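Working notes, structure below.
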Amino acid sequence: MTEPLAPQYNPAAIESDLYRWWTEQGLFSPDSHAPGSGEPYVIQMPPPNVTAVLHMGHGLNNTVQDVLIRFERMRGRRALWVPGTDHAGIATQNVVERLLAEQGLTRFDLGREAFVERVWQHVRETGAAILEQLKAIGCSADWSRTYFTLDEGLSRAVREVFVRLYEQGLVYRGHYIINWCPRCLTALSNEEAEKEEVDGRIWHLRYPLADGSGSVTVATTRPETMLGDTAVAVHPEDERYRGMIGQQLRLPLVERLIPIVADEAVDPTFGSGAVKVTPAHDPADFEIGRRHGLPSIDIMTPEARISLAAPDRFQSLDRYEARRRVLAELEAAGLLDRVEDHRHAVGHCYRCGTVVEPRLSDQWFVRMEPMARPALAAYRDGTLRFVPERRGEDYSGWLEGIRDWCISRQLWWGHRIPVWYCEEPSCARTSVSRTDLEVCPGCGGAVRQDDDVLDTWFSSWLVPFSSLGWPDRTRDLTSFYPGHTMVSSPDIIFFWVARMIMSGLHFMGEVPYRDIYLHGVVRDTQHRKMSKSLGNGIDPLEVVERYGADALRYSLVAGMSVGTDVILDPDDLEASFSAGRNFANKLWNAGRFILSNLPAPPRPLAGRQQDAVRRDELTLADRWIIARCDATVRAATDAYERFRLNEAAGAIYHFIWSDLADWYIEQVKPRLYGDVPGGDVARAVVAQTFDVALRLLHPIMPFITEALWRRFPGRAETASISIAPWPTPDPRAEAPDSLRDFGLVQELVSAIRVIRAEYGVQPGQAVRAVVSGDGPASVAALEQERPTILRLAKLSELSFDESPERVGGHAVLSNGTSVFVPLGDAIDLGRECGRLGSEVDRLIRLVESQEKKLGNQQFVSRAPSDVVERERQKLTTWKEQCEVLVKKRELLGCS
RNA sequence: GGGCGAAUAGCUCAGCUGGUUCAGAGCGCCUGCCUUACACGCAGGAUGUCGGGGGUUCGAAUCCCUCUUCGCCCACCA
C-alpha cells in the first residue's frame with residue numbers, strides 16, 4: 001500500500017487482487033454491509049446462456065447493471081444484484097450436438113440419459129467461465145445467490161408453476177399448427193420463429209374440376225404442400241366461383257378428389273381469389289379445415305421430408321426437392337399457370353436460422369390472455385416505467401395481440417414436463433404432478449412421463465421470485481421481491497421481460513420491478529449486430545487484457561445514449577477503447593501526483609472540527625474547483641438517476657481531466673511543493689475534490705477508483721470506496737462569482753498562450769503581459785490569481801497599466817478586458833494587423849446581426865424580456881471588444 | 001402492408017423544454033513541446049450548406065409537412 005505507484009497505469013496488476021478483496025470483504029452482499037439500513041435495491045441479472053462465453057452485448061448489459069447497483073449501494077441502499085445462468089434449452093443442446101458431430105456421433109447414439117450428462121459436463125465448464133468473465137469486468141453481483149435455471153430450487157418453482165397453471169386451466173394440451181424447426185426437431189413458440197422478409201416466388205397452380213368442365217387456379221408460395229391439400233376455398237360472395245362451391249376438384253399429381261368450399265377468410269382480391277387448403281401445414285388452412293370438417297393430411301416428416309402420406313415418388317424427398325419435383329410435374333402436365341416474384345415474410349428458427357415449417361402436432365400451451373390483462377394494466381396505470389418510453393408501446397402492443405404460448409419442446413435438455421400418462425388403455429389418465437409419479441394415481445397402473453421438456457423461457461420468466469426461494473416464503477423473498485430495475489436489451493422484451501411481469505403479477509401479485517431500462521444493441525461500424533457467425537464480435541476478455549476492465553466499462557458507458565445502439569469497430573479496438581484507457585491513465589497519474597503530496601491526512605475542508613478549513617483561507621481557485629466539483633456532483637447524480645450513464649461519464653470525465661487536472665492541479669502545484677503558507681489548505685481542497693471525483697466515478701470505473709481511494713493517508717485498512725457514502729451537493733459552494741472570476745483567469749491564460757503559439761515564442765521563454773480595461777472588478781479577480789497566471793502563461797511580469805509600448809500581440813477577453821504581450825522584434829506587424837483585423841471583422845458581423853435582431857420590433861416586443869436583456873448584453877460586450885481591437889489596430893498603425 | 005428510430009467535423013456520437021454552454025466532445029489529423037503526475041501527455045490549430053426541399057416563428061440543428069437514405073420491430077394475402 002505504500003509502494004510507489006508506477007507512472008503508467010497497469011490494470012492487470014491490480015484488478016484481480018482488488019476483486020478478490022471485495023468478495024472476501026463480502027461487499028457485494030446486502031447482508032454484510034450496512035445491515036438493516038437503507039431500502040433494498042434489487043436488480044435481477046438477465047441470466048446469460050450457458051452456451052458459450054460472453055460477448056460484448058453481455059459486456060454492455062452487465063456493465064450498465066453494475067453501474068446502477070454500485071451507485072445505489074453507495075447511496076446507502078441494501079443493494080442486491082442476483083446473478084444466474086440460463087440452461088438455454090435449444091441453444092445448448094445444439095452446441096453439444098455439434099460437438100458430438102465432430103466425433104461422428106448424434107445424440108441418439110448416446111441415448112437420452114448419457115446425452116444429458118454430456119450436456120451437464122459442457123455447461124459446468126462454460127457456466128463457470130461465464131461467471132469468471134463477469135468478475136473480470138468487475139460485476140458486483142452477490143455470487144452467494146448465483147442460480148442456474150436447472151438447479152433443484154428453480155426446477156421446483158418451474159414444476160409448481162406448471163401444476164398451478166394446469167389447475168387453474170391455464171395450461172392445456174392441444175392439437176394445433178405450431179412452428180416447427182426441422183433441424184432442431186422441435187416445436188417453437190411464435191416468438192422463437194423470427195419472421196424475415198425474403199424474395200420468394202408465388203406459383204399459380206391449376207386444379208381441374210373433377211367433371212372436366214374447367215379448372216380453378218390457386219396461388220401458393222409453398223407448392224410442395226399441395227400434396228396435402230384437402231380442399232380449395234373461395235369467398236362465399238365471389239361471383240366467379242359461386243356456382244362451383246361444393247363441386248369436386250381433382251388434385252393433380254395425387255389424383256385425390258377435393259371439394260371447393262366457401263369461407264369468409266378468403267380475400268377475393270388477392271391472386272385468383274381461390275386458396276388451396278392444407279390443414280396440416282398452414283395455420284389459416286387449419287382453421288378453414290376445422291370449420292368445414294376437412295381431413296388433415298400431414299405430408300411431412302419431422303425433418304421436413306415428404307412422408308408416406310404422399311404418393312411414392314415424392315416420399316423422403318426434402319421439402320425443397322419436393323417443391324422442384326412438384327413444379328416440374330405440374331409444368332409437364334400444363335397445370336403451372338405462371339410464376340411471379342413475391343416478397344413475403346418467412347419464419348426462421350431463432351437458434352439455427354432454418355426456415356420453420358408450420359406443422360400440426362400435439363403440444364402444451366399456456367393461455368396468456370388472463371395474465372396479459374393485468375400486465376397491460378400495470379403499464380397503463382404507470383406502475384411500469386420504460387426507458388426509453390417508446391419501448392412501452394412495443395410491450396403493450398405485444399400484450400394486446402398476445403397468443404397462447406407453446407411451451408413444450410421436443411428436446412432432451414431442459415425441465416421435463418411434469419405430466420404422466422397412464423399406460424392402462426382402460427384408464428389412460430393424464431396426471432400432472434408436483435412430484436415424480438411411479439404409478440397412475442387413478443388405477444395404480446404403469447405410467448410414462450411426457451417425453452418433452454419445457455421452453456427455456458418457462459424457467460427464466462420466474463427468476464424474479466424463483467431465484468429468491470419461491471415457492472417457499474423465504475426471507476429473501478420477502479426482503480427482495482419486488483425488485484427495482486430491469487436492465488435489458490430490446491430484443492428480449494417479449495421473450496422475457498413481458499413474461500416476467502405476467503408471472504410476477506400472477507404468482508406474487510406484484511410487478512417484479514418498476515423501471516425497465518432497455519439499452520441498445522452492440523453493433524459494428526456497418527451497424528450489423530455483433531455475432532460469432534459474422535466474425536465481427538469483440539471478446540470482452542481480450543479488451544480487459546489489453547485495456548483493462550475500467551477502460552472497457554468506460555468506453556461502453558460513454559458510447560451509449562438512451563435509446564441508441566453502441567457502435568464499436570472490431571477491426572480497430574484502439575479507436576473504441578483507447579479513450580477509456582487514456583482516461584484511466586490520466587486519473588492514475590493525477591492520483592499519483594495528489595497522493596504523493598499528501599504525506600498525512602489533510603485538514604477537513606468543512607465541518608465543525610477545530611482544524612476545518614475556514615472560508616477565508618480559500619483562494620479563488622480553491623473556491624472555483626469546489627464549485628465545479630459541486631456542479632459535477634449534481635450533474636452526475638442526476639444523470640445516474642435518469643439512466644443517462646453517458647452524461648454521468650462525460651461530466652465526471654470533464655471535471656477530472658479539464659477542471660481538476662488541467663487547471664486546478666496545475667495552478668496549485670506551488671502551494672503543494674514544500675512547506676509554503678496555505679499548503680495545508682491546498683492539500684485539503686485537492687484531497688477533497690479528488691475524493692469526490694473518485695466516488696462519482698466509482699460505479700463506472702470501480703477498480704482504479706478503489707485502488708487510488710484506498711491509498712489516501714489515514715484510510716482504514718478495511719475501508720472500501722464501494723460502500724463509501726455518495727457525495728452530496730455542497731451548500732458552501734459559492735458558484736457564480738468564483739466561476740466567473742476564475743473563468744476570466746482561464747481566458748487570460750489561454751489568450752496569452754494563443755499569442756505565444758501564434759508568434760512561435762519558445763516554450764521555455766517567459767514574456768511580459770499587460771492587462772487593461774474593464775475596471776477594478778476584473779483586475780481584482782485577476783490579481784487574486786497572479787501567481788497562477790504567471791505560471792500557466794509563462795510570464796515574467798504581469799502589469800495592469802496601459803502600456804506605453806504597442807508592438808506585440810493583442811487580445812480581448814469576453815468582458816472587454818484587453819491583454820497585450822510585448823514581443824519586440826519577434827512580432828510581425830503585418831501578421832498582427834491581419835489577426836486583429838479578422839477578429840474585428842468577426843465581431844462586426846456579430847454586432848451587425850445583433851443590432852438587426854434588437855432593431856426588430858417584433859423580437860423586442862414578443863420575446864421574453866430576460867431573453868431580450870441577455871441579447872442586449874451580448875451586443876454591448878461585442879461592441880466593447882470590437883472597439884478595443886480597433887483602437888489596438890490604430891496604435892499599431894495598421895492600414 | 002403497418003409502426004418506430006436515425007441522418008450533425010474524416011470516424012463514433014452529444015446537443016433533453018425553440019433564444020448563453022449553439023454549432024460541441026472523444027478519436028483521428030496538423031504545429032510546437034520529453035515544462036520535476038501523465039507522450040496513454042501538455043499547449044495551440046484546421047475541419048461542418050446540422051441529409052434535401054418546404055413551412056410555423058421575432059428567432060429553427062431543435063417544432064410541423066414532405067422527399068431521400070439507412071436501421072429496427074410487428075403482420076396467418078395464400
Side-chain angles (χ1 to χ4, degrees), chain A residues 5 7-9 177 195 202 218-222 225 233 265-267 269-278 282-287 342 344-345 358 388 390-391 393-394 397-398 401 490-491 493-494 521 523 525 527-529 547 551 555 558-569 572 574-576 578-597 642 644 646-647 650 653-654 661-662 665-666 669 673 749-750 753-758 760-764 791-792 794 853 856-864 866-868 870-871 873-874:
Chain A
L5 301 173
Q8 194 164 88
Y9 175 55
I177 299 272
K195 287 296 175 78
I202 186 161
V218 295
T220 179
T221 54
R222 295 186 296 152
T225 62
V266 178
D267 175 2
T269 65
F270 185 85
S272 63
V275 186
K276 61 188 276 306
V277 181
T278 324
D282 184 279
D285 292 7
F286 177 77
E287 294 301 327
H342 184 68
H344 61 137
R390 63 190 148 81
R391 293 294 177 190
E393 292 306 304
D394 297 342
W398 183 74
D491 46 8
I493 294 178
F494 308 147
V521 175
R523 299 177 184 278
T525 46
H527 294 223
R528 298 177 307 180
K529 215 163 158 171
Y547 299 93
S555 298
M560 68 187 303
S561 172
V562 170
T564 62
D565 290 334
V566 176
I567 311 292
L568 297 173
D569 188 348
D572 190 358
E574 197 67 15
S576 303
S578 63
R581 178 203 53 199
N582 295 355
F583 182 41
N585 194 55
K586 183 72 185 181
L587 183 67
W588 182 254
N589 279 290
R592 217 157 59 90
F593 176 77
I594 290 168
L595 292 171
S596 70
N597 284 290
R642 294 188 301 140
R644 294 177 171 264
N646 59 324
E647 287 181 18
Y653 180 97
H654 183 267
D662 288 348
I665 291 180
E666 285 310 320
K669 278 175 176 174
Y673 294 148
V749 170
S750 294
R753 282 171 174 171
V754 169
I755 291 169
R756 294 178 61 110
E758 193 76 25
V761 176
Q762 287 304 307
R791 195 181 139 74
L792 299 189
K794 251 230 161 84
K853 189 185 225 175
N856 185 333
Q857 275 314 306
Q858 301 276 24
F859 171 69
V860 178
S861 57
R862 293 200 197 185
D866 60 314
V867 171
V868 175
R870 263 204 311 270
E871 297 299 315
Q873 285 294 351
K874 280 204 271 187

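So you know, we letter chains A, B, ... as the sequences are listed, proteins then strands, and number each from 1. Only heavy atoms go into these numbers, but all of them, side chains included; no hydrogens, no water, no symmetry mates. Treat the numbers as computed from the prediction; the structure is a model and nothing was measured.
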Point to revise | Sugar-phosphate only, base, or nothing, as touched by A/D267 at under 4.0 Å among non-hydrogen atoms | key: base
Review point. Taking CG from A/D662 and C1' from B/C42, how many angstroms apart are they, rounded to a whole number?
Key: 8 Å
Point to revise | Distance between C1' atoms of B/U57 and B/U8 (Å, rounded) | key: 23 Å
Review point. Does A/K586 get its side chain close enough to the base of B/C38, under 3.5 Å, for a donor-acceptor pair?
Key: yes
Point to revise | B/C50 versus B/G54 - spacing of their P atoms, nearest Å | key: 13 Å
Exercise for review: Provide the distance between the two P atoms, one in B/G24 and one in B/G71, to the nearest whole Å.
Suggested key: 32 Å
Point to revise | Closest-nucleotide ordering on RNA chain B, the 5'-leading residue of A/S578 and A/A661 | key: A/S578
Exercise for review: For A/V754, answer base if it contacts any base atom (sugar-phosphate contacts may also be present), sugar-phosphate if it contacts only those atoms, and nothing otherwise; contact means non-hydrogen atoms under 4.0 Å.
Suggested key: sugar-phosphate
Practice item. Enter the distance from A/R222:CZ to A/H344:NE2 here, rounded to the nearest 0.5 Å. Key: 9.5 Å
**Study point:** From B/C16, B/A78, B/C40, nucleotide with atom closest to A/R581 side chain
**Key:** B/C40
Practice item. When you get a sec, tell me which of B/A37, B/C40, B/C27 is the closest nucleotide to the side chain of A/A590? Key: B/A37
Practice item. Measure from the side-chain heavy atoms of A/R644 and tell me the nearest of B/C16, B/A78, B/C38. Key: B/C16
Exercise for review: Report the distance from atom CG of A/N582 to atom CG of A/L587, rounding to the nearest 0.5 Å.
Suggested key: 12.5 Å
Review point. What's the closest nucleotide to the A/R592 side chain, out of B/U12, B/A37, B/A78?
Key: B/A37
Practice item. Could you check how far CG of A/N646 sits from C1' of B/C13, rounded to whole Å? Key: 9 Å
Exercise for review: Count the heavy atoms of every other residue, nucleotide or ligand shown that sit under 6.0 Å from CD of A/E574, and state whether that count exceeds 12.
Suggested key: yes
**Study point:** P-based separation of B/G10 from B/U20 [nearest Å]
**Key:** 25 Å
Practice item. Would you indicate which nucleotide in B/A78, B/A37, B/C42 comes nearest to any side-chain atom of A/E666? Key: B/A37
Review point. Which is true for A/F494 with a 4.0 Å heavy-atom rule: it touches a base, it touches only sugar-phosphate, or it touches nothing?
Key: sugar-phosphate
**Study point:** Separation of B/G26 C1' from A/I567 CD1 (nearest whole Å)
**Key:** 16 Å
Point to revise | B/A14 phosphate, OP1 or OP2, under 4.0 Å from A/Y653 side-chain N/O | key: no
Exercise for review: Pick the C1' atom in B/A61 and in B/U21, then give their distance to the nearest Å.
Suggested key: 15 Å
Practice item. Measure the CZ-CD distance between A/R581 and A/Q8 for me, rounded to the nearest 0.5 Å. Key: 8.0 Å
Check your understanding: Which base, if any, makes a Watson-Crick or G-U wobble pair with B/C74, both distances under 3.5 Å?
Key -> B/G1
Exercise for review: Classify the side chain of A/Q8 versus the base of B/A39 as yes if they form a donor-acceptor pair under 3.5 Å and no if they do not.
Suggested key: no
Review point. Does B/U57 have a Watson-Crick or wobble mate here (both distances under 3.5 Å), and if so which one?
Key: none
**Study point:** Spacing between A/F583 atom CZ and B/A37 atom P, to the nearest angstrom
**Key:** 20 Å
Check your understanding: Using the P atom in both, what is the distance from B/A7 to B/A43, to the nearest Å?
Key -> 32 Å
Practice item. Looking only at side-chain atoms of A/P763, point me to the closest of B/C77, B/U12, B/G32. Key: B/G32
Review point. Which value, rounded to the nearest 0.5 Å, describes the distance between A/E666 atom CD and A/D662 atom CG?
Key: 7.5 Å
Check your understanding: A/A579 near the nucleic acid: base, sugar-phosphate alone, or nothing, with a heavy-atom cut-off under 4.0 Å?
Key -> sugar-phosphate
Point to revise | Atom-to-atom span, CG of A/D282 to C1' of B/C76 - whole angstrom | key: 7 Å
Practice item. Take the angle between the ring planes of A/W398 and A/F494 and call it parallel below 30°, perpendicular above 60°, tilted in between. Key: parallel
Exercise for review: Over all heavy atoms of both residues, which pair between A/A661 and A/K586 is shortest? Give the atoms and the distance, please.
Suggested key: CB-CE, 3.6 Å
Practice item. For B/A60 and B/G18, measure between their C1' atoms and round to the nearest Å. Key: 7 Å
Exercise for review: Provide the Watson-Crick or G-U wobble partner of B/G44, both distances under 3.5 Å; none if there is no partner.
Suggested key: B/C30
Practice item. Taking all non-hydrogen atoms of both residues into account, name the closest pair between A/G580 and A/S555 and its distance. Key: N-OG, 3.7 Å
Point to revise | B/G41 OP1/OP2 closer than 4.0 Å to side-chain N/O of A/N582 | key: yes
Point to revise | Spacing of A/R391 atom CZ relative to B/C72 atom P, expressed in whole Å | key: 12 Å
Review point. Are any of A/K669's side-chain N or O atoms less than 4.0 Å away from OP1 or OP2 of B/A37?
Key: yes
Exercise for review: Return the nucleotide paired to B/C22: Watson-Crick means purine N1 to pyrimidine N3 with N6-O4 or O6-N4, wobble means G-U with N1-O2 and O6-N3, both under 3.5 Å.
Suggested key: none
Review point. Which value, in whole Å, describes the distance between the C1' atoms of nucleotides B/C11 and B/U47?
Key: 13 Å
Practice item. Quick one: label A/F286 by what it contacts on the DNA or RNA (base, sugar-phosphate, nothing), any heavy atom closer than 4.0 Å. Key: nothing
Exercise for review: Taking only the side-chain nitrogens and oxygens of A/H342, find out if one of them lies under 4.0 Å from OP1 or OP2 of B/A78.
Suggested key: yes
Exercise for review: Check every strand shown and say whether A/E393 touches a base, only sugar-phosphate, or nothing at a heavy-atom separation below 4.0 Å.
Suggested key: nothing
Practice item. Select one nucleotide: of B/C72, B/G44, B/C4, the one nearest the side-chain heavy atoms of A/R523. Key: B/C72
Practice item. Counting Watson-Crick and G-U wobble pairs only, both distances under 3.5 Å, name the nucleotide matched with B/U62, or none. Key: none
Check your understanding: Touch check for A/D285, heavy atoms < 4.0 angstrom, all strands: base, sugar-phosphate only, or nothing?
Key -> nothing
Review point. NA contact type, A/A284, heavy-atom cut-off 4.0 Å: base, sugar-phosphate, or nothing?
Key: base
Review point. How many Å lie between CZ on A/R390 and P on B/C74, as a whole number?
Key: 15 Å
Check your understanding: Roughly, in whole Å, what's the span from CG in A/N589 to P in B/C42?
Key -> 10 Å
**Study point:** Pairing nucleotide - B/A9, Watson-Crick or G-U, each distance under 3.5 Å
**Key:** none
Exercise for review: Identify whether any heavy atom of A/A558 sits under 4.0 Å from a base atom; if not, whether one sits that close to sugar-phosphate; answer base, sugar-phosphate or nothing.
Suggested key: nothing
Exercise for review: Please work out whether the ring planes of A/Y653 and A/F583 are parallel, tilted or perpendicular, with thresholds of 30° and 60°.
Suggested key: tilted
